[in-house]
Amino acid sequence: MRFTQIHRFPERFLSTVHRGTAFEKRALALLTEHMSMSLTRVGGSYDGGVDLIGWWWVPHERSATCPPHVTAEPRDWNATNRRRLRVLAQCKAEKRKMGPGYLRELQGVAYKYTNDVISTGPVPESSNPKDSYSSHSTTTAMTGQLPPTVALLVSESAFTRHCLLAANASPLPFLLVHIPPEEPDALAGTIFGNPALISSQGVLKGQLEIRWEHSTMTGTPRPVVDDSHAAGDVSLNGRPGLWWQGQPLPSWTPDGGGDQPFAY
């Protein structure tokens, strides 16, 4: 099994800004390689509260009964059997546990984004590389509606119970990802989707499983059942992953993400 290898300088050598930037890039690499996300780093003082923006490419609902099967080669997955969800992400590299404050902030950003898009319309296809997939069946022009928006909160520290409860109660689709520091004694990572995202009534219709996985001696991924107190190095022993039809889902995006100017 292939894992993303990301070099990390000791925290004492990094300023707060550099530490945050390094964590954003680390999160971007993991989400692109393992979560089928095509994201752009925003950055700067005028980012509107968004660190990463882009698309999450998940199977169409009909893919449960139509080919390709989940065990098909990654090249067999494409825009005809995947749909895209808008992703707005904040990345926080803080030592203290993540409380509900940042979650509420991101929720406000997501609602403002949706209102702005509805009132002004999306960016023209030619002006934003991440919105240039005019041939995909998920575009507004073909579906008559905007792709759902998912609020993604990525933290280097664990989430508090109050933060998880706030996410669970939110009507906005939320995905919370804890990517711990690359240290031998660090806690294992966690990933949490709220009912508005993963339930049968949510955006994913209860069909897509989102797991934090650890490698075994045989190289076969296994999910962490109770990872709140497990130990492990995320870069060596685990990463986020998607499962479909009871099997690992190949990560697929039209591009590999990167650094681009921010635009709605």
Side-chain angles (χ1 to χ4, degrees), residues 1-6 26-39 54-87 89 133 136-138 147-148 150 152 154 173-180 188-228 230 232-257:
M1 172 172 291
R2 181 167 60 91
F3 291 94
T4 303
Q5 183 177 3
I6 303 172
R26 182 170 168 235
L28 176 63
L30 286 173
L31 296 169
T32 298
E33 183 169 355
H34 302 298
M35 291 288 289
S36 295
M37 292 189 182
S38 177
L39 303 173
W55 301 106
W56 187 10
W57 299 88
V58 300
H60 277 293
E61 297 174 38
R62 64 175 183 273
S63 295
T65 56
C66 297
H69 189 266
V70 69
T71 56
E73 293 295 324
R75 64 176 178 270
D76 294 328
W77 288 94
N78 51 56
T80 64
N81 46 51
R82 295 237 185 177
R83 62 187 175 112
R84 64 179 183 174
L85 309 176
R86 172 57 84 189
V87 174
Y133 310 113
H136 294 329
S137 60
T138 50
V150 176
L152 171 60
V154 187
F174 259 104
L175 182 64
L176 277 58
V177 184
H178 169 214
I179 304 177
T190 57
I191 193 163
F192 170 81
N194 71 346
L197 177 67
I198 65 173
S199 74
S200 60
Q201 302 300 317
V203 170
L204 298 178
K205 305 300 182 184
Q207 297 179 340
L208 185 68
E209 295 181 66
I210 309 170
R211 304 179 178 181
W212 189 271
E213 301 166 346
H214 281 265
S215 63
T216 65
M217 294 300 292
T218 60
T220 303
R222 65 176 176 84
V224 176
V225 178
D226 181 5
D227 51 6
S228 59
D233 185 340
V234 66
S235 66
L236 298 176
N237 298 321
R239 82 293 195 269
L242 303 175
W243 287 60
W244 184 259
Q245 301 176 13
Q247 297 290 333
L249 180 68
S251 186
W252 180 91
T253 62
D255 55 49

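For clarity, every value in this text was computed on a predicted model and none was experimentally measured.
- In plain terms, the two heavy atoms of P240 and I191 that are nearest each other are CB-CD1, 4.0 Å.
- Under the rule for a side chain to side chain contact (heavy atoms under 4.5 Å, CB included), the partners of L242 that lie at least two apart in sequence or sit in another chain are M35, S36, W56, L208, I210, L249.
- Atom CZ of residue F192 and atom CD1 of residue I198 lie 6.5 Å apart, to the nearest 0.5 angstrom.
- Considering all non-hydrogen atoms of both residues, R82 and H60 come closest at O-NE2, 3.0 Å.
- Here the CH2 atom belonging to W55 is positioned 3.5 Å from the CZ atom belonging to R86, to the nearest 0.5 angstrom.
- Scanning all heavy atoms of the two residues, the minimum distance from A27 to V154 falls at CB-CG1, 3.9 Å.
- A distance of 8.5 Å separates CE of M37 from CG of L85, quoted to the nearest 0.5 Å.
- At least one donor-acceptor pair under 3.5 Å links the side chain of S251 to the backbone N or O of T32.
- Nearest heavy atom pair, residue V203 against residue P173, reads CG2-CG, 3.5 Å.
- Note on residues 188-209: pairs passing salt bridge (charged side-chain N to carboxylate O under 4.0 Å, His left out), not counting sequence neighbours, are E209-R211.
- The distance from the OG atom of S38 to the CG atom of L31 is 11.5 Å, given to the nearest 0.5 Å.
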Step by step, would you call T190 with W212 a side-chain contact (heavy atoms from CB on, under 4.5 Å)? CA-CA 6 Å; T190 57; W212 189 271; 5.7 Å; no

